[in-house]
Each structure stands twice: as C-alpha cells, then as structure tokens.
Trainee: 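Below is a structure I'd like to ask you about.
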There are 2 protein chains.
Amino acid sequence: MTKPRAASAAALAQTRRTLPIALLRARETVMDRFRPLLHRLDITEQQWRVLRVLDEAEAMDASDLAKGAAILAPSLSRILKTLEARGLIEVRKDQSDGRRTLINLSPAGGAFLAEAAPESAKIYEEIEALVGKDRLETLLDEIDALIVRLSDQK
Amino acid sequence: MTKPRAASAAALAQTRRTLPIALLRARETVMDRFRPLLHRLDITEQQWRVLRVLDEAEAMDASDLAKGAAILAPSLSRILKTLEARGLIEVRKDQSDGRRTLINLSPAGGAFLAEAAPESAKIYEEIEALVGKDRLETLLDEIDALIVRLSDQK
DNA sequence: ATTAGATCATTAACATGTTAAGCGAAGGGA
DNA sequence: TCCCTTCGCTTAACATGTTAATGATCTAAT
C-alpha cells in the first residue's frame with residue numbers, strides 16, 4: 001500500500017462509498033464463495049442463473065428468461081446455444097407466435113441442478129450465518145426499495 | 001408476462017431474493033442513470049472508474065489501481081492501453097522496482113474529468129434525492145458490513 | 001554470485017457485457 | 001390485401017470478465 005496523505009485518503013474513501021462500486025464489490029465478495037463450486041461444475045455464473053430460473057418455471061420464452069436471469073438478450077442467445085449443445089435445456093419455436101423461442105430445462109438439466117443444489121444451498125447458508133439472517137433480509141429489502149425508487153416507470 | 005401458477009410465482013420470488021442477483025439488479029438500475037453520460041463522453045464504465053481513482057491519487061501502480069477500481073489485472077492492462085492511446089493517462093516504469101508500472105492522470109485526463117464532474121455529481125444527487133440520503137447511507141453501511149463479514153481475511 | 005521462490009504485469013483463450021444493426025414474424029390501419 | 005410499424009430474436013463488433021500460463025523482476029537463502 002502506498003502511503004496516502006490525508007487529503008487523498010479521504011478522497012479515496014469517498015470513491016469507495018459510491019453506490020456502483022460498493023454494489024460491485026459486494027457482488028464480487030459474495031460470488032467468491034460460489035466460484036469454486038461453479039468451477040467444479042464447469043459452468044459459468046450466467047449459465048447457472050439461466051438453469052435456476054428455468055427450474056422455477058415450466059417453459060419460458062427468451063425475453064422472460066433474460067429478465068429473470070438478469071442477462072441481456074445477445075448474451076442469452078449465446079448461452080442458450082452452449083446449454084443446448086450440452087443437453088441441459090430444450091429449445092423450440094412457439095407455434096402460436098413464430099417470433100418467440102420457448103425454452104425449458106431438459107431431464108439432464110434437472111438432474112444437474114438436483115445434484116448441485118445441496119452444495120449451493122450450503123454455501124448460501126454459510127453466507128447467512130456470517131452476515132446474519134436479519135441483516136441479510138434487511139439488506140435485500142433495502143436493495144428492493146432502491147430498485148423500485150430508481151426504476152424508470154415509463 | 002406468462003401467467004405464473006402460485007407455486008412457480010413463489011419460487012421465482014425466491015430466486016429474485018438471492019444476494020448475487022439482487023446486487024446485480026441494483027447495480028444495473030443505478031448504472032442505467034449514468035450510462036447516457038458515459039455514452040456522450042465515449043468512455044466505458046470501467047475506463048471512467050480508472051480515471052476517477054487516478055484523480056484521487058498522485059501516481060499508483062497497476063495493482064493498487066486495479067483494487068481501487070475493482071477491475072481485474074488483465075482487464076486493466078487492456079484499459080490502460082486504451083486510455084494511454086487517448087492521452088488521458090501517463091504510464092511509466094517504476095525506477096526502483098522494474099516490475100511495477102506507475103500510472104497517473106495526464107493534464108488532458110484531468111481536464112476531461114473536470115469537465116464531466118458536474119454532470120456526474122448531478123446524477124448522483126438525483127439518485128440521492130430519489131432514494132433518500134439516510135437510506136442511501138444506511139445501505140452503504142450495510143454493504144460495507146457485508147463485505148467485511150464475507151471477506152476471507154487470510 | 002547463484003538459485004529457487006515469490007511478485008507484478010502481460011498475454012492468451014474463451015465467455016459475457018454492451019450497443020447497433022439486421023432479419024423474419026406479427027399487428028394494425030388504409 | 002398491402003404497407004408500415006412493432007416485436008422477438010439473432011448477429012456483429014468491440015470492451016471487459018475470468019482463469020491459466022508466460023515473462024520479467026525482485027527477494028531471500030545458500
């Protein structure tokens with residue numbers, strides 16, 4: 001660490017207390033705990049999110065899936081190819097609307113999630129234990145409130 | 001929106017209240033307000049962070065800069081080339097340690113930041129006004145607490 | 001002085017983020 | 001029906017995220 005003078009140290013503290021960076025750091029810190037599992041599963045964080053969202057629905061079109069997993073449409077297009085090639089999802093055209101693509105978890109995808117779920121849950125429980133369940137719930141509530149207040153409700 | 005049955009709706013709510021996704025969504029929501037400015041400046045979010053961190057220090061080596069801007073070393077290497085080519089930063093070798101690279105803001109970089117600072121500050125004030133200063137401070141405090149509790153203090 | 005190990009930075013390879021453009025399909029009037 | 005617009009998704013192009021490997025330098029111990 002380079003020795004900071006008083007002025008620059010204060011300024012640096014100011015940057016650190018900026019919403020975008022704080023949220024980024026928090027996310028990195030949390031993901032560091034999941035990364036070893038994801039690496040063992042040979043799957044990316046985004047692919048994991050897609051599978052988990054699909055596991056909670058029957059079949060979704062790509063738009064809903066993108067929103068649910070917080071992934072942009074172009075990224076999702078690429079991810080779906082990867083997951084389909086790996087046999088974890090099934091993709092088909094919507095018969096009633098030729099523009100839409102319907103996606104659902106394949107049996108293999110369901111098995112994949114079922115096998116990984118206990119480890120994932122265990123990690124989340126560790127986080128809960130370290131942070132405190134109350135504190136974590138409060139944080140999630142405040143994040144929700146932030147999103148609601150900042151969302152452009154066109 | 002596809003009609004969710006009661007069960008899947010509850011499950012979906014569960015995913016949404018997951019720390020990694022909540023933090024991701026919050027960050028996206030906040031950044032949506034800064035993106036138009038960054039686009040007008042023809043600069044990426046990461047490049048902007050690098051410049052701001054440099055503005056708060058004299059000269060930093062790449063490692064400290066990477067930590068300060070929350071950017072991984074490989075990404076920073078590429079970003080430094082871009083910013084140097086654009087004349088916004090100055091890069092030189094550390095004389096006392098040939099491994100280190102020292103980076104500082106160039107005069108042009110300082111002018112660039114000075115010109116953009118008012119707009120940036122205005123956006124942040126809008127966010128403060130919408131969220132509430134108290135609520136925002138609380139949120140930042142809780143995020144800090146989260147990071148401290150989850151950090152591996154090897 | 002030498003050498004093994006650690007450190008700092010870069011490069012490589014692949015996946016995703018981001019914006020813009022493109023394409024086929026659906027919808028809504030004239 | 002035709003035309004125009006909108007919608008859903010994909011592709012393109014470039015920047016960054018992520019992990020592993022490489023290169024160069026420093027450090028410490030011999």
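Within every chain, numbering begins at 1; the chains are lettered A, B, ... in the order of the sequence lines, protein sequences first and strands thereafter. No hydrogens, no waters, no symmetry mates; every other heavy atom, side chains included, goes into these values.
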Trainee: From B:Arg17 CZ over to A:Leu140 CG, what is the distance, rounded to the nearest 0.5 angstrom?
Mentor: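 Those atoms lie 4.5 Å apart.
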
Trainee: Please work out if B:Ala62 contacts a base, only the sugar-phosphate, or nothing of the nucleic acid, heavy-atom cut-off 4.0 Å.
Mentor: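 Sugar-phosphate, no base atom in range.
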
Trainee: Quick check: on DNA chain C, is the nucleotide nearest B:Leu80 upstream (toward 5') of the one nearest B:Glu28, or the reverse? Name the residue that is more 5'.
Mentor: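 Of the two residues, B:Leu80 wins.
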
Trainee: If pairs are Watson-Crick or G-U with both distances under 3.5 Å, what is the dot-bracket string of DNA chain C, marking crossing pairs with [ ] and pairs to another strand with |?
Mentor: ||||||||||||||||||||||||||||||

Trainee: Is there a side-chain contact between B:Asp64 and B:Val53 (heavy atoms, below 4.5 Å)?
Mentor: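 Not in contact.
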
Trainee: Using whole Å, report how far CG of B:Leu65 lies from C1' of C:dC8.
Mentor: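 Taking CG of B:Leu65 and C1' of C:dC8, I get 14 Å after rounding.
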
Trainee: Who passes side chain to side chain donor-acceptor pair (under 3.5 Å) against A:Asp97, sequence neighbours left out?
Mentor: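 Side chain to side chain donor-acceptor pair (under 3.5 Å) check on A:Asp97 returns A:Arg99, A:Arg100.
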
Trainee: For DNA chain D, note the earliest and the latest nucleotide, 5' to 3', having some atom under 4.0 Å of a heavy atom belonging to chain A.
Mentor: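 Contact span on the strand: D:dC7 to D:dA20.
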
Trainee: Return whichever of A:Asp97 or A:Ile71 has its heavy-atom-nearest nucleotide of DNA chain C closer to the 5' end.
Mentor: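 Result: A:Ile71.
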
Trainee: Can you tell me if B:Arg135 uses its side chain to pair, donor with acceptor, with the backbone of B:Val131 under 3.5 Å?
Mentor: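 Yes: the side chain of B:Arg135 pairs with the backbone of B:Val131.
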
Trainee: Under 4.0 Å between any heavy atoms, over every strand shown, what does A:Ser75 touch: base, sugar-phosphate, or nothing? Just pick one.
Mentor: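 Result for A:Ser75 = base.
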
Trainee: Extract all donor-acceptor atom pairs below 3.5 Å that involve side chains of residues 113-128 of chain B and protein atoms in other chains or at least two apart in sequence.
Mentor:
from	atom 1	to	atom 2	distance (Å)
B:Glu119	OE1	B:Arg40	NH2	2.7
B:Tyr124	OH	A:Leu19	N	3.1
B:Glu128	OE2	B:Lys133	NZ	3.2

Trainee: Mind checking B:Leu76 for me? I need base, sugar-phosphate or nothing, with any heavy atom below 4.0 Å counting as a touch.
Mentor: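 If one applies the 4.0 Å heavy-atom cut-off, B:Leu76 turns out to touch nothing in the nucleic acid.
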
Trainee: Between P on C:dT19 and CZ on A:Arg78, what's the gap in Å once rounded to a whole number?
Mentor: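 To the nearest whole Å, that distance equals 13 Å.
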
Trainee: Quick one: side chain to side chain donor-acceptor pair (under 3.5 Å) partners of B:Ser63, sequence neighbours excluded?
Mentor: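 None.
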
Trainee: Can you name the side chain to side chain donor-acceptor pair (under 3.5 Å) partners of B:Arg49, sequence neighbours left out?
Mentor: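 With neighbours one apart ignored, the set is B:Glu45.
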
Trainee: Closer than 4.0 angstrom, basic N to acidic O: yes or no for B:Asp32 and B:Arg35?
Mentor: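 Yes, B:Asp32 and B:Arg35 are salt-bridged.
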
Trainee: Tell me, do B:Leu41 and B:Gln47 make a side-chain contact under 4.5 Å, heavy atoms counted?
Mentor: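 Answer no - side chains too far apart.
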
Trainee: Please classify the nucleic acid contact of A:Arg35 as base, sugar-phosphate, or nothing, using heavy-atom distances under 4.0 Å.
Mentor: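 Here A:Arg35 touches the backbone only, sparing every base.
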
Trainee: Within this structure, what is the CG-to-P distance between A:Leu72 and C:dA20, rounded to whole angstrom?
Mentor: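 After rounding, the reported distance stands at 13 Å.
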
Trainee: Quick one: label B:Lys93 by what it contacts on the DNA or RNA (base, sugar-phosphate, nothing), any heavy atom closer than 4.0 Å.
Mentor: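 The answer is nothing, as B:Lys93 stays clear of every strand by at least 4.0 Å.
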
